[in-house]
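Remarks on the structure that follows.
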Amino acid sequence: MRYLSFIGGQWREGSGGAAFPTYNPATEEKVADVAQAEAADVDAAVQAAQNAYPAWRLTPAPRRGEILQRVGERLREHKEALARLLTQEMGKVLAEARGDVQEAIDMAFYMAGEGRRLLGYTAPVELPDKFGMAVRDPIGVCALITPWNFPIAVPSWKIFPALIAGNTLVWKPSPESPATALAFARVFEEAGLPAGVLNVLCGPGADLGRALVAHPGVRVISFTGSTETGRAIAREAAGKKVSLEMGGKNAILVLDDANFDLAVEAITWSAFGTTGQRCTACSRLIVQRGIAPRLKEALAAKTRALRLGDGLDPANDVGPVINRAAQERIARYIAVGRQEGARVLAGGAAASVNGRGFFFQPTLLDGVTAGMRVEREEIFGPVLSILEVAGLDEAVAIANGSPYGLSSSVFTQDVNQAFRAIRDLTTGIVYVNHGTTGAEIQFPFGGTRGTGNGHREAGQAGLEVFTEWKSIYVDFSGRLQRAQIDTEAILAAEH
Ligand code: NAD
């Protein structure tokens, strides 16, 4: 099937007429041909978004919310079909693909409700017969650049808050998951979103993203992807508002008193769910010495029992990685780990299923210490590095020593230790007695250090990137009242 760009409410071929294919990483079969957008199409899409902006900005927010509500309802109807396409295009197992779509449904309904909130505030003012308030204003055309690992959920964290706030959008999804993105966009069309409010361009390589970032008509750039790309965008986007959500190297801390069976389950899920290709995936296990031998033994047994295969088959636990390049990169990291002195406790090699697909065995690396590359760098695959420590303080120091700061978690049954960890861990998300994944859309999502640039997505915080504060002062005194200068005199004269 051929998927087209979505510009100004029309489904269009790219201006060059070319197309690029996407492949199922589990079977290596072609999933779709996708029209290849070019720089000229970026101009057309930004122009369409600019044209749509005045009317969308002035559409009352509750009405915008009704459209988002309809998008959520339609997403619910199409959930299974979207999830299946998503699994075919990027490989995650179907149960997780359904979760990916569900996150967008949750976000649609949450932001639809914002249509009747979008709260600003009033505050007392210092002069008589004067009123002050602050309201959120939309900004204009926003560029959204997204990765392949959550092809529907991550874009939804951007699209819904940006739309409810009154902005218009040009979205460039990852070239690894464009068909899923375009199927998602079709739901907005079906729900009656006016033409030009959401535009979608797909293309291979980085050129399209670069052209969008550089376009003078774009006011906001909301990016999720690797730290390397995020930093390049930050350099090229001078003068624009830029939100960056980037990589992670997330740690689970397990103390000697942890609920053992729960920790084993949660670590396995956090490390190998989505084949380890989540920004919040656990890639470091920092374990207290007393419990370490037993925990490693149980994890190794559980890891070896995970079944690799096509995500569409519910018997499989772990799908493929995204492509051959990822498979090769992960294999290189295993070699680096070995050279650094780590020992492979389980897995450790690329694999295929029925002779096909880009799989990688879920892998445990034991004997890792702070500062090794496999401890510091994001591998973005099913690889868990294991470090042993004396206690909580050392575990927290290692966890916080990471160049990234997205998510962390602690397993203990001691409330004092739990609260110390909550206080001292310096990641944007902290879990207690749960793995590092599983964020809900009503809370801020994002990270510290190399993971972000101070912004957060989701929850109320998700509105910040897509709005600007406007402060409004209404003086109904009928005279010139200068704040800070005349206040004393005016108040003295009145009393
Ligand atoms: P990537 O950085 O390779 O690509 C992300 C997007 O940027 C894609 O759409 C890509 O085409 C585009 N792009 C690439 N070069 C560009 C350039 N020079 N200018 C503009 N756009 C450009 O990342 P990926 O491989 O798609 O995704 C995996 C990464 O995403 C991991 O590092 C993961 O941790 C991160 N991620 C982070 C979060 C988060 O919220 N922190 C969530 C999901 C994924």
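All values reported here derive from a predicted model rather than from experimental measurement. For ligands, and for the atoms within them, numbers begin at 1 and follow the listed sequence.
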Task: Residues in ring pair (Phe, Tyr, Trp, His ring centres under 6.0 Å) contact with Phe380, at least two apart in sequence or another chain - done: Trp148
Open item on the list: Would the distance check show the side chain of Asp100 and the main-chain N or O of Leu86 forming a donor-acceptor pair, the cut-off being under 3.5 Å?
Closed with: no
Task: salt bridge (charged side-chain N to carboxylate O under 4.0 Å, His left out) partners of Glu189, counting only residues at least two apart - done: Arg186
Please tabulate protein-ligand N/O pairs under 3.5 Å for ligand 1, atom names and distances to 0.1 Å.
from: ligand 1; atom 1: 2 (O); to: Ser226; atom 2: N; distance (Å): 2.9
from: ligand 1; atom 1: 2 (O); to: Ser226; atom 2: OG; distance (Å): 2.7
from: ligand 1; atom 1: 2 (O); to: Thr229; atom 2: OG1; distance (Å): 2.7
from: ligand 1; atom 1: 9 (O); to: Thr146; atom 2: O; distance (Å): 2.8
from: ligand 1; atom 1: 9 (O); to: Lys172; atom 2: NZ; distance (Å): 3.0
from: ligand 1; atom 1: 11 (O); to: Lys172; atom 2: NZ; distance (Å): 2.9
from: ligand 1; atom 1: 23 (O); to: Ser226; atom 2: N; distance (Å): 3.4
from: ligand 1; atom 1: 25 (O); to: Trp148; atom 2: NE1; distance (Å): 3.0
from: ligand 1; atom 1: 26 (O); to: Trp148; atom 2: NE1; distance (Å): 3.3
from: ligand 1; atom 1: 30 (O); to: Gly225; atom 2: O; distance (Å): 3.4
from: ligand 1; atom 1: 32 (O); to: Glu378; atom 2: OE1; distance (Å): 2.7
from: ligand 1; atom 1: 34 (O); to: Glu378; atom 2: OE2; distance (Å): 2.7
from: ligand 1; atom 1: 41 (N); to: Met246; atom 2: N; distance (Å): 3.4
from: ligand 1; atom 1: 41 (N); to: Met246; atom 2: O; distance (Å): 2.8

Task: ring pair (Phe, Tyr, Trp, His ring centres under 6.0 Å) partners for Phe445, two or more places apart - done: Trp157
TODO: Please find out if less than 6.0 Å separates the ring center of Phe160 from that of Phe188.
DONE: yes
Open item on the list: For Glu89, is there any backbone N or O sitting under 3.5 Å from a side-chain donor or acceptor partner on Asn24?
Closed with: no
